[in-house]
Amino acid sequence: MQDLGGAIQLALSLIVSADRNLAEIVSLSLLVSLTATALSCIIGVTLGAVLATTRFAGRGAVIAVVNALMGLPPVVIGLIVYLALSRSGPLGFLGLLYTPTAMIIAQTILVTPIVAALSRQILEDLHVEYDEYFRSLCLPHRNVVAALIWDGRFSVLTAGLAGFGRAVAEVGAVIIVGGNIDHLTRVMTTAIALETSKGDLALALALGTILMAIALFVNGLVYYIRCTALRSAYA
Amino acid sequence: MAGASWPPLRAGGAERCSLAVNDLWYLAGGRALLSGINLTLGRSGITVLMGPNGAGKSLLLRVVHGLAAPTSGAVTWGGRSLNEETRRNIALVFQKPALLRRTVAANVDFVLAARGVKDRTDRRNELLETVDLANRADQPARLLSGGEQQRLALARALATDPCVLLLDEPTASLDPASSLRIEQIIALVAARGVRVILVTHDVGQARRLADDVVFMSHGQVVEMGFADSFFSAPQSERARAFLDGRFVL
(Lines give C-alpha, C1' and ligand atoms only; values in the text may rest on other atoms or scores of the structure.)
Protein backbone atom coordinates (compact mmCIF):
# COMPACT_ATOMS: atom_id res chain seq x y z
CA MET A 1 0.00 0.00 0.00
CA GLN A 2 1.49 3.32 -1.10
CA ASP A 3 1.06 6.58 0.73
CA LEU A 4 -1.42 8.92 -0.96
CA GLY A 5 1.13 11.60 -1.91
CA GLY A 6 3.41 9.08 -3.56
CA ALA A 7 0.50 7.45 -5.34
CA ILE A 8 -0.68 10.76 -6.81
CA GLN A 9 2.85 11.58 -7.94
CA LEU A 10 3.19 8.19 -9.59
CA ALA A 11 -0.26 8.52 -11.19
CA LEU A 12 0.67 11.85 -12.75
CA SER A 13 3.91 10.44 -14.09
CA LEU A 14 2.00 7.54 -15.65
CA ILE A 15 -0.32 9.99 -17.39
CA VAL A 16 2.44 12.36 -18.50
CA SER A 17 4.61 9.52 -19.83
CA ALA A 18 1.57 7.97 -21.61
CA ASP A 19 2.26 4.62 -19.92
CA ARG A 20 1.61 1.77 -22.36
CA ASN A 21 -0.53 -0.23 -19.98
CA LEU A 22 -2.55 2.83 -19.06
CA ALA A 23 -3.01 3.81 -22.71
CA GLU A 24 -4.17 0.30 -23.59
CA ILE A 25 -6.83 0.33 -20.87
CA VAL A 26 -8.04 3.81 -21.78
CA SER A 27 -8.21 2.96 -25.50
CA LEU A 28 -10.22 -0.19 -24.89
CA SER A 29 -12.58 1.71 -22.59
CA LEU A 30 -13.18 4.34 -25.23
CA LEU A 31 -13.58 1.77 -28.00
CA VAL A 32 -16.13 -0.25 -26.04
CA SER A 33 -18.12 2.71 -24.74
CA LEU A 34 -18.09 4.71 -27.98
CA THR A 35 -19.18 1.69 -30.01
CA ALA A 36 -21.92 0.88 -27.50
CA THR A 37 -23.07 4.51 -27.52
CA ALA A 38 -23.15 4.62 -31.32
CA LEU A 39 -25.24 1.44 -31.47
CA SER A 40 -27.50 2.76 -28.69
CA CYS A 41 -28.03 6.00 -30.60
CA ILE A 42 -29.08 4.13 -33.74
CA ILE A 43 -31.52 1.92 -31.84
CA GLY A 44 -32.56 4.44 -29.17
CA VAL A 45 -33.19 7.44 -31.41
CA THR A 46 -35.19 5.29 -33.82
CA LEU A 47 -37.26 3.87 -30.97
CA GLY A 48 -37.64 7.32 -29.42
CA ALA A 49 -38.78 8.80 -32.73
CA VAL A 50 -41.34 6.05 -33.28
CA LEU A 51 -42.71 6.51 -29.76
CA ALA A 52 -42.78 10.28 -30.20
CA THR A 53 -44.67 10.30 -33.48
CA THR A 54 -47.03 7.35 -33.38
CA ARG A 55 -50.12 6.58 -31.35
CA PHE A 56 -51.02 2.98 -30.57
CA ALA A 57 -52.68 0.98 -27.83
CA GLY A 58 -50.28 0.47 -24.95
CA ARG A 59 -48.01 3.35 -25.95
CA GLY A 60 -48.12 4.76 -22.43
CA ALA A 61 -47.07 1.42 -21.00
CA VAL A 62 -44.17 1.14 -23.47
CA ILE A 63 -42.99 4.65 -22.55
CA ALA A 64 -43.22 3.80 -18.84
CA VAL A 65 -41.17 0.64 -19.40
CA VAL A 66 -38.51 2.48 -21.42
CA ASN A 67 -38.30 5.18 -18.74
CA ALA A 68 -38.04 2.55 -16.01
CA LEU A 69 -35.24 0.76 -17.88
CA MET A 70 -33.11 3.90 -17.58
CA GLY A 71 -32.53 2.95 -13.98
CA LEU A 72 -31.68 -0.67 -14.65
CA PRO A 73 -28.68 -1.74 -12.48
CA PRO A 74 -25.63 -2.55 -14.64
CA VAL A 75 -24.96 -5.75 -12.69
CA VAL A 76 -28.41 -7.06 -13.63
CA ILE A 77 -27.71 -6.35 -17.31
CA GLY A 78 -24.31 -7.98 -16.90
CA LEU A 79 -25.93 -11.04 -15.40
CA ILE A 80 -28.54 -11.30 -18.17
CA VAL A 81 -25.94 -10.92 -20.92
CA TYR A 82 -23.68 -13.40 -19.10
CA LEU A 83 -26.47 -15.98 -18.99
CA ALA A 84 -27.24 -15.42 -22.66
CA LEU A 85 -23.61 -15.66 -23.78
CA SER A 86 -22.39 -18.42 -21.44
CA ARG A 87 -21.75 -21.81 -23.03
CA SER A 88 -25.10 -23.18 -21.85
CA GLY A 89 -26.95 -20.00 -22.83
CA PRO A 90 -28.94 -19.42 -26.04
CA LEU A 91 -26.09 -17.41 -27.61
CA GLY A 92 -23.25 -19.47 -26.15
CA PHE A 93 -22.34 -20.86 -29.60
CA LEU A 94 -21.11 -17.40 -30.59
CA GLY A 95 -18.24 -17.65 -28.12
CA LEU A 96 -18.46 -14.00 -27.16
CA LEU A 97 -18.21 -14.22 -23.39
CA TYR A 98 -15.15 -12.44 -21.97
CA THR A 99 -14.57 -10.48 -25.15
CA PRO A 100 -14.88 -6.75 -25.85
CA THR A 101 -17.91 -7.60 -28.03
CA ALA A 102 -19.74 -8.95 -24.98
CA MET A 103 -18.92 -5.73 -23.15
CA ILE A 104 -20.26 -3.68 -26.06
CA ILE A 105 -23.48 -5.72 -26.04
CA ALA A 106 -23.94 -5.19 -22.29
CA GLN A 107 -23.28 -1.46 -22.49
CA THR A 108 -25.56 -1.10 -25.52
CA ILE A 109 -28.39 -2.67 -23.51
CA LEU A 110 -27.55 -0.37 -20.62
CA VAL A 111 -27.46 2.86 -22.65
CA THR A 112 -30.24 2.28 -25.21
CA PRO A 113 -33.12 2.99 -22.78
CA ILE A 114 -31.43 6.24 -21.74
CA VAL A 115 -31.06 7.44 -25.33
CA ALA A 116 -34.54 6.20 -26.26
CA ALA A 117 -36.29 7.85 -23.32
CA LEU A 118 -34.50 11.17 -23.67
CA SER A 119 -34.90 11.19 -27.47
CA ARG A 120 -38.58 10.37 -27.16
CA GLN A 121 -39.13 13.36 -24.90
CA ILE A 122 -37.07 15.71 -27.09
CA LEU A 123 -38.69 14.60 -30.34
CA GLU A 124 -42.19 14.55 -28.88
CA ASP A 125 -41.87 18.17 -27.73
CA LEU A 126 -40.69 19.09 -31.22
CA HIS A 127 -43.44 17.02 -32.80
CA VAL A 128 -46.10 18.91 -30.84
CA GLU A 129 -44.67 22.12 -32.25
CA TYR A 130 -44.43 20.94 -35.86
CA ASP A 131 -47.31 18.48 -36.04
CA GLU A 132 -50.01 20.73 -37.48
CA TYR A 133 -47.63 22.19 -40.04
CA PHE A 134 -46.41 18.78 -41.15
CA ARG A 135 -49.99 17.52 -41.40
CA SER A 136 -50.88 20.55 -43.49
CA LEU A 137 -48.11 19.49 -45.90
CA CYS A 138 -49.40 15.87 -45.96
CA LEU A 139 -45.86 14.68 -45.20
CA PRO A 140 -45.18 10.94 -45.13
CA HIS A 141 -44.28 9.59 -41.68
CA ARG A 142 -40.67 8.85 -42.60
CA ASN A 143 -40.17 12.48 -43.66
CA VAL A 144 -41.67 13.66 -40.38
CA VAL A 145 -39.30 11.46 -38.38
CA ALA A 146 -36.29 12.54 -40.43
CA ALA A 147 -37.19 16.22 -40.05
CA LEU A 148 -37.69 15.89 -36.29
CA ILE A 149 -34.37 14.11 -35.80
CA TRP A 150 -32.54 16.66 -37.94
CA ASP A 151 -34.10 19.67 -36.20
CA GLY A 152 -33.62 18.11 -32.78
CA ARG A 153 -30.10 16.90 -33.53
CA PHE A 154 -28.34 19.05 -30.93
CA SER A 155 -30.66 17.94 -28.15
CA VAL A 156 -30.52 14.32 -29.34
CA LEU A 157 -26.73 14.55 -29.35
CA THR A 158 -26.79 15.55 -25.70
CA ALA A 159 -28.89 12.44 -25.02
CA GLY A 160 -26.18 10.39 -26.75
CA LEU A 161 -23.47 12.05 -24.69
CA ALA A 162 -25.42 11.34 -21.50
CA GLY A 163 -25.52 7.72 -22.61
CA PHE A 164 -21.76 7.72 -23.22
CA GLY A 165 -21.21 9.13 -19.74
CA ARG A 166 -23.22 6.27 -18.29
CA ALA A 167 -21.41 3.65 -20.40
CA VAL A 168 -17.85 4.75 -19.74
CA ALA A 169 -18.41 5.04 -15.98
CA GLU A 170 -20.15 1.72 -15.30
CA VAL A 171 -18.31 -1.26 -13.88
CA GLY A 172 -20.94 -3.86 -12.98
CA ALA A 173 -21.89 -5.09 -16.44
CA VAL A 174 -18.44 -5.09 -18.05
CA ILE A 175 -16.76 -6.91 -15.20
CA ILE A 176 -19.32 -9.74 -15.36
CA VAL A 177 -19.31 -10.24 -19.14
CA GLY A 178 -15.72 -9.10 -19.78
CA GLY A 179 -14.02 -10.77 -16.86
CA ASN A 180 -11.44 -7.95 -16.46
CA ILE A 181 -8.79 -9.94 -18.38
CA ASP A 182 -5.47 -8.11 -18.69
CA HIS A 183 -4.69 -6.95 -22.26
CA LEU A 184 -8.07 -8.24 -23.47
CA THR A 185 -11.09 -6.90 -21.58
CA ARG A 186 -9.66 -4.66 -18.90
CA VAL A 187 -11.22 -1.20 -19.01
CA MET A 188 -10.79 1.81 -16.78
CA THR A 189 -13.52 1.07 -14.26
CA THR A 190 -12.67 -2.61 -13.82
CA ALA A 191 -8.97 -1.78 -13.61
CA ILE A 192 -9.63 0.84 -10.93
CA ALA A 193 -11.59 -1.73 -8.89
CA LEU A 194 -8.84 -4.32 -9.28
CA GLU A 195 -5.85 -2.05 -8.62
CA THR A 196 -7.54 -0.56 -5.57
CA SER A 197 -8.16 -4.02 -4.11
CA LYS A 198 -4.50 -4.86 -4.79
CA GLY A 199 -3.36 -1.66 -3.11
CA ASP A 200 -1.75 -0.31 -6.31
CA LEU A 201 -3.23 3.15 -5.96
CA ALA A 202 -1.04 4.84 -8.57
CA LEU A 203 -2.60 3.14 -11.58
CA ALA A 204 -6.05 3.36 -10.00
CA LEU A 205 -5.61 7.08 -9.39
CA ALA A 206 -4.24 7.67 -12.88
CA LEU A 207 -7.24 5.89 -14.41
CA GLY A 208 -9.61 7.69 -12.04
CA THR A 209 -8.14 11.01 -13.09
CA ILE A 210 -8.61 10.20 -16.77
CA LEU A 211 -12.15 8.99 -16.11
CA MET A 212 -12.97 12.21 -14.31
CA ALA A 213 -11.44 14.20 -17.17
CA ILE A 214 -13.60 12.32 -19.67
CA ALA A 215 -16.72 12.95 -17.54
CA LEU A 216 -15.87 16.64 -17.32
CA PHE A 217 -15.15 16.81 -21.04
CA VAL A 218 -18.46 15.15 -21.91
CA ASN A 219 -20.40 17.48 -19.63
CA GLY A 220 -18.56 20.48 -20.99
CA LEU A 221 -19.31 19.35 -24.52
CA VAL A 222 -23.02 18.96 -23.71
CA TYR A 223 -23.08 22.46 -22.25
CA TYR A 224 -21.20 23.91 -25.23
CA ILE A 225 -23.48 22.23 -27.77
CA ARG A 226 -26.61 23.47 -25.98
CA CYS A 227 -25.28 27.02 -25.76
CA THR A 228 -24.15 27.08 -29.38
CA ALA A 229 -27.46 25.70 -30.58
CA LEU A 230 -29.44 28.22 -28.53
CA ARG A 231 -27.29 31.10 -29.75
CA SER A 232 -27.90 30.03 -33.33
CA ALA A 233 -31.65 29.52 -32.67
CA TYR A 234 -31.36 25.88 -33.65
CA ALA A 235 -32.45 24.46 -30.28
CA MET B 1 -40.97 42.21 -54.89
CA ALA B 2 -42.52 43.89 -57.91
CA GLY B 3 -41.99 41.90 -61.07
CA ALA B 4 -41.29 38.70 -59.20
CA SER B 5 -41.96 35.68 -61.35
CA TRP B 6 -43.33 33.46 -58.63
CA PRO B 7 -46.03 32.25 -58.22
CA PRO B 8 -46.62 31.52 -61.90
CA LEU B 9 -49.42 33.42 -63.58
CA ARG B 10 -52.56 31.31 -63.84
CA ALA B 11 -55.17 31.92 -66.47
CA GLY B 12 -57.80 32.00 -63.73
CA GLY B 13 -58.64 29.77 -60.86
CA ALA B 14 -59.03 26.15 -61.78
CA GLU B 15 -62.24 24.30 -61.03
CA ARG B 16 -60.43 22.40 -58.27
CA CYS B 17 -60.05 25.73 -56.40
CA SER B 18 -63.79 26.20 -55.85
CA LEU B 19 -65.09 25.29 -52.41
CA ALA B 20 -68.44 23.89 -51.35
CA VAL B 21 -69.35 23.32 -47.72
CA ASN B 22 -72.64 21.58 -47.00
CA ASP B 23 -74.36 21.48 -43.62
CA LEU B 24 -71.10 21.36 -41.71
CA TRP B 25 -71.20 20.72 -37.98
CA TYR B 26 -68.33 20.54 -35.55
CA LEU B 27 -69.14 19.55 -32.00
CA ALA B 28 -66.70 19.56 -29.09
CA GLY B 29 -67.49 18.98 -25.44
CA GLY B 30 -71.19 18.95 -26.20
CA ARG B 31 -70.95 22.40 -27.77
CA ALA B 32 -71.43 23.26 -31.44
CA LEU B 33 -68.38 25.20 -32.55
CA LEU B 34 -69.60 25.17 -36.15
CA SER B 35 -73.36 24.95 -36.72
CA GLY B 36 -74.76 23.97 -40.07
CA ILE B 37 -72.32 25.90 -42.25
CA ASN B 38 -73.27 26.15 -45.91
CA LEU B 39 -70.85 27.89 -48.17
CA THR B 40 -69.98 28.08 -51.84
CA LEU B 41 -66.89 29.96 -52.98
CA GLY B 42 -65.83 30.49 -56.55
CA ARG B 43 -62.56 29.44 -58.09
CA SER B 44 -60.65 32.72 -57.81
CA GLY B 45 -60.30 35.91 -55.82
CA ILE B 46 -59.83 36.72 -52.17
CA THR B 47 -62.50 35.72 -49.68
CA VAL B 48 -62.24 37.20 -46.22
CA LEU B 49 -63.64 35.32 -43.25
CA MET B 50 -64.57 37.89 -40.62
CA GLY B 51 -66.17 37.80 -37.24
CA PRO B 52 -65.50 38.24 -33.54
CA ASN B 53 -63.28 35.97 -31.46
CA GLY B 54 -64.77 32.52 -31.05
CA ALA B 55 -66.89 32.82 -34.17
CA GLY B 56 -65.30 29.66 -35.58
CA LYS B 57 -63.34 31.24 -38.44
CA SER B 58 -60.00 29.54 -37.76
CA LEU B 59 -61.73 26.24 -37.07
CA LEU B 60 -63.61 26.48 -40.36
CA LEU B 61 -60.30 27.13 -42.13
CA ARG B 62 -58.81 23.99 -40.55
CA VAL B 63 -61.85 21.94 -41.44
CA VAL B 64 -61.87 23.00 -45.10
CA HIS B 65 -58.15 22.20 -45.24
CA GLY B 66 -58.71 18.80 -43.69
CA LEU B 67 -56.65 19.39 -40.56
CA ALA B 68 -59.75 18.97 -38.42
CA ALA B 69 -62.48 16.46 -39.17
CA PRO B 70 -66.05 17.77 -38.91
CA THR B 71 -68.67 15.94 -36.86
CA SER B 72 -70.93 15.91 -39.88
CA GLY B 73 -71.33 17.61 -43.23
CA ALA B 74 -69.26 17.69 -46.38
CA VAL B 75 -66.38 19.73 -47.74
CA THR B 76 -65.60 19.48 -51.44
CA TRP B 77 -63.03 21.22 -53.60
CA GLY B 78 -64.04 21.34 -57.24
CA GLY B 79 -66.65 18.69 -56.51
CA ARG B 80 -64.08 16.32 -55.02
CA SER B 81 -64.08 15.39 -51.38
CA LEU B 82 -61.09 16.06 -49.17
CA ASN B 83 -58.30 13.55 -49.58
CA GLU B 84 -54.54 13.69 -49.70
CA GLU B 85 -54.55 14.60 -53.37
CA THR B 86 -56.95 17.53 -52.98
CA ARG B 87 -55.22 18.65 -49.78
CA ARG B 88 -51.86 18.86 -51.52
CA ASN B 89 -53.28 21.71 -53.63
CA ILE B 90 -54.19 23.70 -50.54
CA ALA B 91 -51.59 25.59 -48.52
CA LEU B 92 -52.28 26.85 -45.04
CA VAL B 93 -50.44 29.64 -43.26
CA PHE B 94 -50.93 29.67 -39.51
CA GLN B 95 -51.24 32.68 -37.27
CA LYS B 96 -48.08 31.56 -35.48
CA PRO B 97 -46.04 29.70 -38.07
CA ALA B 98 -43.96 26.75 -36.88
CA LEU B 99 -40.65 27.57 -38.49
CA LEU B 100 -38.13 24.78 -38.71
CA ARG B 101 -34.89 25.18 -36.74
CA ARG B 102 -33.00 25.86 -39.91
CA THR B 103 -32.01 28.76 -42.08
CA VAL B 104 -34.55 30.73 -44.07
CA ALA B 105 -33.40 29.02 -47.27
CA ALA B 106 -33.52 25.56 -45.68
CA ASN B 107 -37.10 26.17 -44.55
CA VAL B 108 -38.15 26.72 -48.16
CA ASP B 109 -35.93 23.91 -49.42
CA PHE B 110 -37.63 21.53 -47.01
CA VAL B 111 -41.02 22.12 -48.62
CA LEU B 112 -39.62 21.97 -52.16
CA ALA B 113 -37.92 18.67 -51.34
CA ALA B 114 -41.14 17.34 -49.82
CA ARG B 115 -42.88 18.18 -53.09
CA GLY B 116 -40.20 16.40 -55.07
CA VAL B 117 -38.68 19.47 -56.70
CA LYS B 118 -35.26 18.51 -58.04
CA ASP B 119 -33.71 21.85 -58.95
CA ARG B 120 -34.51 23.78 -55.82
CA THR B 121 -32.09 26.69 -55.89
CA ASP B 122 -33.84 28.77 -58.54
CA ARG B 123 -37.32 28.13 -57.16
CA ARG B 124 -36.21 28.96 -53.64
CA ASN B 125 -34.53 32.17 -54.74
CA GLU B 126 -37.64 33.22 -56.67
CA LEU B 127 -39.83 32.55 -53.67
CA LEU B 128 -37.57 34.43 -51.28
CA GLU B 129 -37.43 37.27 -53.79
CA THR B 130 -41.22 37.32 -53.90
CA VAL B 131 -41.49 37.72 -50.13
CA ASP B 132 -38.53 40.08 -49.88
CA LEU B 133 -36.32 37.73 -47.90
CA ALA B 134 -33.61 36.96 -50.42
CA ASN B 135 -31.06 38.88 -48.35
CA ARG B 136 -31.90 36.84 -45.23
CA ALA B 137 -31.60 33.43 -46.88
CA ASP B 138 -28.69 32.22 -44.75
CA GLN B 139 -30.01 33.41 -41.40
CA PRO B 140 -31.66 31.11 -38.86
CA ALA B 141 -35.41 31.42 -39.43
CA ARG B 142 -36.13 31.79 -35.75
CA LEU B 143 -34.08 34.97 -35.54
CA LEU B 144 -36.34 36.75 -38.03
CA SER B 145 -38.77 39.43 -36.89
CA GLY B 146 -42.46 38.58 -36.61
CA GLY B 147 -43.26 40.09 -40.02
CA GLU B 148 -40.33 38.32 -41.66
CA GLN B 149 -41.32 35.02 -40.11
CA GLN B 150 -44.81 35.41 -41.52
CA ARG B 151 -43.39 36.24 -44.96
CA LEU B 152 -41.24 33.13 -44.77
CA ALA B 153 -44.35 31.14 -43.87
CA LEU B 154 -45.95 32.57 -47.02
CA ALA B 155 -42.92 31.59 -49.10
CA ARG B 156 -43.12 28.04 -47.74
CA ALA B 157 -46.82 27.92 -48.53
CA LEU B 158 -46.18 29.12 -52.09
CA ALA B 159 -43.41 26.52 -52.43
CA THR B 160 -46.14 23.88 -52.55
CA ASP B 161 -47.42 25.56 -55.73
CA PRO B 162 -50.95 25.69 -54.28
CA CYS B 163 -54.13 26.49 -56.12
CA VAL B 164 -55.70 27.59 -52.83
CA LEU B 165 -54.00 29.58 -50.08
CA LEU B 166 -55.62 29.61 -46.65
CA LEU B 167 -54.39 32.33 -44.31
CA ASP B 168 -55.23 32.35 -40.63
CA GLU B 169 -54.78 35.91 -39.37
CA PRO B 170 -51.35 36.28 -40.96
CA THR B 171 -50.94 39.88 -39.79
CA ALA B 172 -52.14 39.48 -36.21
CA SER B 173 -49.79 41.34 -33.85
CA LEU B 174 -47.72 42.77 -36.71
CA ASP B 175 -46.98 46.47 -37.10
CA PRO B 176 -48.69 48.37 -39.95
CA ALA B 177 -45.63 48.31 -42.22
CA SER B 178 -45.20 44.55 -41.84
CA SER B 179 -48.94 44.05 -42.37
CA LEU B 180 -48.82 46.12 -45.53
CA ARG B 181 -46.03 43.96 -46.97
CA ILE B 182 -48.00 40.81 -46.22
CA GLU B 183 -51.07 42.34 -47.87
CA GLN B 184 -49.02 43.21 -50.96
CA ILE B 185 -47.86 39.61 -51.23
CA ILE B 186 -51.40 38.29 -50.77
CA ALA B 187 -52.66 40.63 -53.49
CA LEU B 188 -49.84 39.52 -55.81
CA VAL B 189 -50.55 35.87 -55.17
CA ALA B 190 -54.28 36.33 -55.81
CA ALA B 191 -53.58 38.34 -58.96
CA ARG B 192 -51.59 35.38 -60.24
CA GLY B 193 -54.61 33.14 -59.94
CA VAL B 194 -54.20 31.52 -56.53
CA ARG B 195 -57.52 31.30 -54.67
CA VAL B 196 -57.11 33.02 -51.29
CA ILE B 197 -59.23 32.58 -48.18
CA LEU B 198 -58.15 34.93 -45.43
CA VAL B 199 -59.23 35.03 -41.80
CA THR B 200 -58.84 38.47 -40.27
CA HIS B 201 -60.21 40.72 -37.53
CA ASP B 202 -58.85 43.76 -39.26
CA VAL B 203 -61.73 45.56 -40.98
CA GLY B 204 -59.34 47.88 -42.80
CA GLN B 205 -57.40 44.93 -44.18
CA ALA B 206 -60.61 43.23 -45.24
CA ARG B 207 -61.70 46.37 -47.07
CA ARG B 208 -58.36 46.56 -48.87
CA LEU B 209 -58.14 42.93 -49.90
CA ALA B 210 -61.55 41.28 -50.03
CA ASP B 211 -63.41 40.41 -53.20
CA ASP B 212 -66.09 38.81 -51.08
CA VAL B 213 -66.74 38.44 -47.38
CA VAL B 214 -68.10 35.70 -45.16
CA PHE B 215 -69.16 37.07 -41.79
CA MET B 216 -69.37 34.53 -38.96
CA SER B 217 -70.62 34.63 -35.41
CA HIS B 218 -71.26 31.89 -32.86
CA GLY B 219 -70.15 29.18 -35.25
CA GLN B 220 -72.59 30.23 -37.96
CA VAL B 221 -72.34 32.09 -41.22
CA VAL B 222 -74.37 35.20 -40.54
CA GLU B 223 -73.85 36.97 -43.83
CA MET B 224 -71.88 36.59 -47.01
CA GLY B 225 -71.58 38.58 -50.19
CA PHE B 226 -69.44 40.83 -52.35
CA ALA B 227 -67.10 43.02 -50.36
CA ASP B 228 -68.50 46.31 -51.72
CA SER B 229 -72.07 45.56 -50.72
CA PHE B 230 -71.05 43.99 -47.41
CA PHE B 231 -69.06 47.00 -46.28
CA SER B 232 -71.49 49.61 -47.65
CA ALA B 233 -74.73 47.96 -46.53
CA PRO B 234 -74.35 45.02 -44.20
CA GLN B 235 -77.60 43.11 -43.90
CA SER B 236 -77.33 41.77 -40.36
CA GLU B 237 -77.22 43.66 -37.10
CA ARG B 238 -74.21 41.65 -35.94
CA ALA B 239 -72.21 42.54 -39.02
CA ARG B 240 -73.20 46.22 -38.67
CA ALA B 241 -72.12 46.18 -35.00
CA PHE B 242 -68.83 44.49 -35.87
CA LEU B 243 -68.02 46.95 -38.64
CA ASP B 244 -68.92 49.87 -36.38
CA GLY B 245 -66.52 48.58 -33.77
CA ARG B 246 -69.25 47.82 -31.29
CA PHE B 247 -68.84 44.76 -29.11
CA VAL B 248 -70.36 41.62 -30.60
CA LEU B 249 -71.32 38.77 -28.27
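Order of the sequence lines sets the chain letters (A, B, ...), proteins ahead of strands, with each chain counted from 1.
Heavy-atom neighbours of chain A within the stretch residues 57-72 of chain B, taken at a separation under 4.5 angstrom, comprise Arg62(B), His65(B), Leu67(B). Residues of residues 108-122 of chain B lying under 4.5 angstrom from chain A, judged on non-hydrogen atoms, are Phe110(B), Val111(B), Ala114(B), Arg115(B) in numerical order.
For Leu99(B), the part lying near chain A is the backbone, with the side chain staying farther off; criterion is any non-hydrogen pair under 4.5 Å. Using a 4.5 Å cut-off between heavy atoms, Leu139(A) contacts chain B through its side chain alone, with no backbone atom that close.
Listed by first then second residue, pairs satisfying salt bridge (charged side-chain N to carboxylate O under 4.0 Å, His left out) with a partner in residues 57-81 of chain A read Arg59(A)-Glu124(A), not counting sequence neighbours.
A donor-acceptor pair is defined here as one N or O able to donate and one able to accept, closer than 3.5 Å; such a pair exists between the side chain of Arg87(B) and the backbone of Arg135(A).
Atom OH of Tyr82(A) is surrounded by 12 or fewer heavy atoms from other residues, nucleotides or ligands within 6.0 Å. Dense packing is recorded around CZ of Phe56(A), with more than 12 heavy atoms of other residues, nucleotides or ligands lying under 6.0 Å away.
Stacking of Arg156(B) on the aromatic ring of Tyr133(A) is recorded, both the 6.0 Å distance cut-off and the 45° axial limit being met.
Contact count versus chain A (heavy atoms, under 4.5 Å) is highest, among Leu100(B), Val93(B), Ile90(B), Leu92(B), for Leu100(B). Per-residue heavy-atom pair counts under 4.5 Å with chain A were compared for Arg88(B), Arg102(B), Glu84(B), and the maximum is reached by Arg102(B).
With sequence neighbours excluded, the residues that form a side-chain contact (heavy atoms from CB on, under 4.5 Å) with Val145(A) are Ala49(A), Thr53(A), His141(A), Ile149(A).
In plain terms, the two heavy atoms of Phe94(B) and Glu132(A) that are nearest each other are CE2-OE1, 3.5 Å.
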